Peer 1: 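Structure in structure tokens, see below.
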Amino acid sequence: MAGKGRPTVNDKRDNQYRVRLNDGEDQMLAYCSKATGKPKSQIFRNALSEYYINVRLNELNSQSEYDAMELDGVSMKRVIECPYCGAPNAIDLEEYSTGDCITERQMGPETQHWFDCDDAECIFCRRVFRVTGCITEYPLGAYDSEHIEIKKSN
Ligand SMILES: [Zn+2]
């Protein structure tokens with residue numbers, strides 16, 4: 001096919017969106033792009049695909065004529081940086097749960113998973129710190145937002 005110009009593709013990317021990011025989000029995007037070697041646009045598309053799959057599953061689960069499929073809860077595993085030395089520590093915040101707060105929304109429950117880990121020990125400097133906050137899940141199985149505080153222990 002010795003045509004001129006760009007080859008014809010079936011899934012032309014003709015739709016454009018401008019997305020505003022704050023500094024923290026922009027840093028996350030740059031970090032993921034660098035770490036994975038994927039372009040930033042691809043990271044957005046991948047995240048969208050994953051979200052779409054979840055929305056479809058939630059939709060099906062809410063319709064009684066279909067067999068429901070149990071959805072895994074959102075992961076609460078995080079890399080937490082030590083407030084003393086900055087070393088990354090992997091912590092499963094689910095193990096420090098202090099309870100859930102549920103609100104009904106358009107597509108079922110929105111759940112705030114609260115946690116309080118007051119004896120996290122840095123794997124590098126061995127000092128103890130505290131991690132508190134909540135991770136919000138909506139719809140089921142999908143990440144919505146989070147607020148995590150890291151404090152030095154006295
Ligand atoms: Zn440390």
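All of these numbers come straight from a predicted model, not from anything done at the bench. This chain uses plain numbering: 1 for the first residue, then up along the sequence. Computed from heavy atoms alone, side chains included, the values below leave out hydrogens, waters and symmetry copies. Just so you know, ligand 1 is whichever comes first in the structure, and atom 1 is the first atom listed for that ligand.
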Peer 1: Where the side chain of N89 meets the backbone of I123, is there a donor-acceptor pair that is under 3.5 Å apart?
Peer 2: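 Checked: pair present.
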
Peer 1: Has the side chain of N58 got a donor or acceptor atom that lies under 3.5 Å from a matching backbone atom of N54?
Peer 2: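 Yes, the answer is positive, given that a donor and an acceptor are paired below the 3.5 Å cut-off.
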
Peer 1: I'd like to know if the side chain of S97 reaches the main chain of G99, judged simply by a donor and an acceptor atom lying under 3.5 Å from each other, with no hydrogens or angles considered.
Peer 2: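 Checking the backbone N and O of G99 against the side chain of S97, a donor-acceptor pair under 3.5 Å is found.
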
Peer 1: How many protein N, O or S atoms are found at a distance of less than 2.8 Å from the Zn ion (ligand 1)?
Peer 2: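 Considering protein N, O and S only, the Zn ion (ligand 1) has 4 within range.
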
Peer 1: Keeping to residues at least two apart or across chains, list the salt bridge (charged side-chain N to carboxylate O under 4.0 Å, His left out) pairs with something in residues 39-51.
Peer 2: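 Matches after skipping sequence neighbours: none remain.
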
Peer 1: Considering only NZ, NE, NH1 and NH2 on the basic side and carboxylate oxygens on the acidic side, decide whether E146 and R78 come within less than 4.0 Å.
Peer 2: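 Looking at R78 together with E146, the answer is yes, because their closest N to O distance falls below 4.0 Å.
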
Peer 1: Output yes when R127 and E121 qualify as a salt bridge under the 4.0 Å nitrogen-oxygen rule, no when they do not.
Peer 2: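 No, this pair does not count.
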
